Amino acid sequence: MIPEELQLSSATKDRLFGLLVKGVLGTLLLYALFPIYWMVISSFRTRTEITAADPQLLPVELGQIPAIVQDPALLLEILHYENYITMWARFPVLDYFINSLIIATTTTVFALVVGCLGGYAFSKYRFPGKGGVGGALLGTQMIPGILILLPMYLLFIWIQDTIGFPMTNTYHGIIFVYTTFTVPVAIWMLRGFFDTIPDSVEEAARVDGCSRIQALVRIILPMAAPGIAATGMFVFLVAFNEVLFASILASGDVTPFAIGIQSFETQTTAYWGEMMAASTVATAPILLLFVLFQKPIVEGLTEGSVKQ
Amino acid sequence: MARVIVDDLTKEYNSPGGSILAVDELNLEIDDGEFVVFVGPSGCGKSTTLRCIAGLETVTDGTLHFGDEDVTDQKPKERNIAMVFQNYALYPHMTSRENMAFGLKMSTDLSKDVIDERVEDTAEMMGIKELLADKPKALSGGQQQRVALGRAIVRDPEVFLMDEPLSNLDAKLRAQMRTELQQLQSELDVTTVYVTHDQTEAMTMGDRIVVLNDGKLQQVGTPLECYHRPANRFVAGFLGSPPMNFLEVDVDLESGTLSNSAFSLPIPESAVDDVSGSKLTLGIRPEHVSLVDAVETHAEPDHLIETEVTVTEPMGDITNVYLDVGGESLTVTSDDRLGVRGGDTVHIHVPAAKIHLFDAESGEAIKHSDEPIDSTRIAEASGHAETA
């Protein structure tokens with residue numbers, strides 16, 4: 001037994017526990033953010049700096065900081081911003097980025113349209129096989145992508161050969177693939193949000209003169225907007241970041257950014273600085289999007305969990 | 001405005017364990033402009049019936065008419081009804097003004113100006129004009145309730161349907177809204193169906209009340225009719241607080257008495273011809289039983305029962321006295337002049353005229369109390385003499 005005078009008071013215990021929690025969260029955050037930090041500072045380095053045997057943790061030397069504070073223009077000399085200029089000419093980075101935006105945006109639109117209708121049906125209707133279909137949708141998420149990749153590739157080839165309709169290396173082909181595996185998640189996420197909307201609101205709309213579709217569009221969807229934003233963001237990120245299927249099914253003119261970025265690593269040289277610069281540029285719009293929609297998305301992510 | 005005619009309405013739900021009969025062959029005629037209250041315990045089918053009238057539920061069997069028009073298979077939007085929900089069901093992304101205008105926008109061809117004018121007029125009548133620009137989130141419960149009512153009123157519907165609209169309000173506001181709603185309804189003179197499980201609302205608000213249990217109609221009548229002339233034991237026990245006392249009694253036709261282990265009362269004269277069988281249920285309302293101090297000089301000495309007080313509940317103006325009569329509990333509401341306490345032995349008077357008798361098995365009423373039910377007065381007060 002610890003003598004009483006040595007025991008911690010409950011306030012101290014709380015404080016220690018708080019410190020522990022902050023410490024753990026801080027470590028996790030560091031773990032998550034460090035690669036992004038490294039990406040950004042690498043994008044401002046020369047090839048020699050990047051491949052140096054003892055890389056510097058900070059982009060500038062500590063001794064230089066007072067001088068930089070006095071004359072911020074010094075930064076331009078220290079940081080190797082040329083990566084941001086040369087990268088555009090070396091590879092069609094902009095094309096890759098636009099391809100990614102087209103693919104991710106279209107996928108998001110399709111997944112949200114199907115997800116809203118499906119999620120709404122699952123939430124508000126009773127129909128035979130509801131449990132089974134719902135389970136099967138969830139089940140598709142349990143199958144690793146690599147298992148579907150080959151059959152999907154064969155399916156694409158088969159469609160091309162028998163119908164003559166091009167599938168590989170097309171926007172619609174890769175959008176189709178992404179839609180198939182984001183729709184189930186979208187349905188399940190949106191179903192949760194629709195569950196939190198009381199039935200009586202839809203009924204009030206129907207009594208007020210709406211058909212079911214009108215009630216959905218005019219009343220239910222606006223109420224589910226935070227959930228739709230959260231789901232949309234999730235789908236968008238999945239489609240934007242996907243590598244496996246894109247590497248096989250989407251090359252040539254439709255190469256998305258996630259694949260295109262690898263071209264900076266050629267057989268003879270790796271243009272690390274430019275690759276990191278391109279990655280930083282590609283991250284920015286998504287980050288901006290997230291910051292803009294952060295409030296509704298965070299509200300949306302937590303809203304489905306509590307029944308009001 | 002319309003008469004609502006419910007004919008053999010049946011609603012069955014399919015569930016994995018078999019079908020559930022929510023409403024069983026309900027027949028009802030609601031007059032034009034009448035205020036009818038559906039009352040009953042949870043799961044009695046009152047809300048289901050209302051939802052069938054609204055068109056939110058399909059009807060398994062039977063028909064529904066508004067006036068001469070068969071609306072059984074019509075969609076809610078074709079029925080020209082307005083509904084007030086328990087949780088108000090306001091549209092959270094719209095202002096009060098948009099909430100109120102939404103129904104008119106969707107169901108009529110009125111111009112924006114006309115709609116605006118009607119919304120303003122209704123808002124003024126409801127005292128919510130200054131709230132028109134606010135969204136529901138910014139309103140208190142009472143204000144939300146008013147907007148929800150305003151949204152129904154502005155439609156000028158044929159029928160108002162209200163599904164426990166006051167049950168989310170606190171007691172004080174509820175009492176206030178109760179009278180306000182009654183006034184509104186009689187001013188607007190719109191046929192109204194009101195669902196509640198609160199018997200105070202049922203007794204005070206409706207021209208007639210419809211008592212339901214297990215999906216079956218128990219009784220339709222004015223509140224006082226249902227209170228003083230209950231059709232069966234269920235209605236008798238459901239209306240009134242504290243509820244009617246029920247005592248199982250044996251009938252002895254030879255000696256002309258109703259008795260159990262604790263007492264023996266003469267069969268009331270008015271019921272002698274109707275009493276048959278050997279067992280009955282005697283019902284007596286708590287306010288009709290009185291505590292007696294002068295036993296010797298009492299006018300109806302053979303209607304006195306000696307009992308023991310178990311608990312007393314002082315309510316301020318009256319006291320609920322719980323008594324033990326042959327192992328069964330009996331409640332008396334008394335003005336407590338005697339100051340009885342638990343454990344006291346008292347005499348109670350069960351007046352023959354106030355006794356109800358029910359068939360012990362079916363629960364059907366055999367005899368009612370002779371309490372007058374002044375239905376013309378009630379009807380005049382609510383402005384619908386024809387419904388009495």
Side-chain angles (χ1 to χ4, degrees), chain A residues 116 120-135 190 192-230 232 293 295-297 299-300 302-304 306-308, chain B residues 13-16 47 50-58 74-94 98-110 115 135-137 144 147-149 151-152 154-155 157-165 168:
Chain A
C116 280
Y120 180 70
F122 270 107
S123 170
K124 304 291 180 196
Y125 285 78
R126 289 169 60 172
F127 51 88
K130 182 173 166 176
V133 177
L190 287 164
F193 295 112
F194 289 130
D195 280 346
T196 61
I197 298 174
D199 294 352
S200 58
V201 179
E202 190 216 345
E203 289 170 354
R206 285 170 62 205
V207 168
D208 265 348
C210 289
S211 65
R212 281 200 116 130
I213 286 286
Q214 281 174 322
L216 174 68
V217 173
R218 286 173 170 272
I219 304 296
I220 306 294
L221 292 187
M223 285 178 75
I228 294 171
F293 287 101
K295 198 164 166 254
I297 286 169
E299 274 172 13
T302 50
E303 201 166 42
V306 185
K307 182 103 184 137
Q308 275 125 7
Chain B
Y13 289 106
N14 290 320
S15 76
S47 281
L50 188 83
R51 291 167 59 80
C52 286
I53 297 175
L56 294 170
E57 300 279 353
T58 53
Q74 281 184 359
K75 294 197 167 76
K77 63 172 184 171
E78 296 161 344
R79 298 191 185 196
N80 194 18
I81 46 168
M83 191 157 170
V84 182
F85 294 83
Q86 181 174 356
N87 58 4
Y88 318 138
L90 294 173
Y91 313 129
H93 56 296
M94 296 186 188
E98 289 163 340
N99 263 286
M100 288 171 71
F102 186 72
L104 289 175
K105 203 167 99 184
M106 296 306 294
S107 61
T108 64
D109 301 325
L110 296 176
I115 291 179
K135 289 195 174 169
K137 208 163 83 176
Q144 288 181 357
V147 175
L149 278 172
R151 183 173 70 176
V154 77
R155 294 270 312 278
E158 297 225 27
V159 183
F160 271 139
L161 304 173
M162 306 199 182
D163 193 357
E164 312 215 11
N168 279 12

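Here the structure is a predicted model, which is why all the values come from computation and not from measurement.
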- Which bit of B:L104 comes within less than 4.5 Å of chain A, counting heavy atoms only: side chain, backbone, both or neither? neither

- Item | Engaged part of B:R79 at the chain A interface, taking heavy atoms whose separation is under 4.5 Å | neither

- Item | Distance-only side-chain donor-acceptor flag, B:Y91 / A:D208, under 3.5 Å | yes

- Message: With no hydrogens and no angle check, just 3.5 Å: does a side-chain donor-acceptor pair link B:Y13 and A:R126?
- Response: no

- Query: So which of B:A152, B:P92, B:A148 has the biggest tally of heavy-atom pairs under 4.5 Å with chain A?
  - Reply: B:P92

- Query: Is it the side chain or the backbone of A:E202 that comes within 4.5 Å of chain B heavy atoms, both, or neither?
  - Reply: neither

- Item | Ring center gap for A:F127 and A:F122 short of 6.0 angstrom | yes

- Message: Rounded to the nearest 0.5 Å, what separates atom CZ in A:R218 from atom NZ in B:K105?
- Response: 5.0 Å

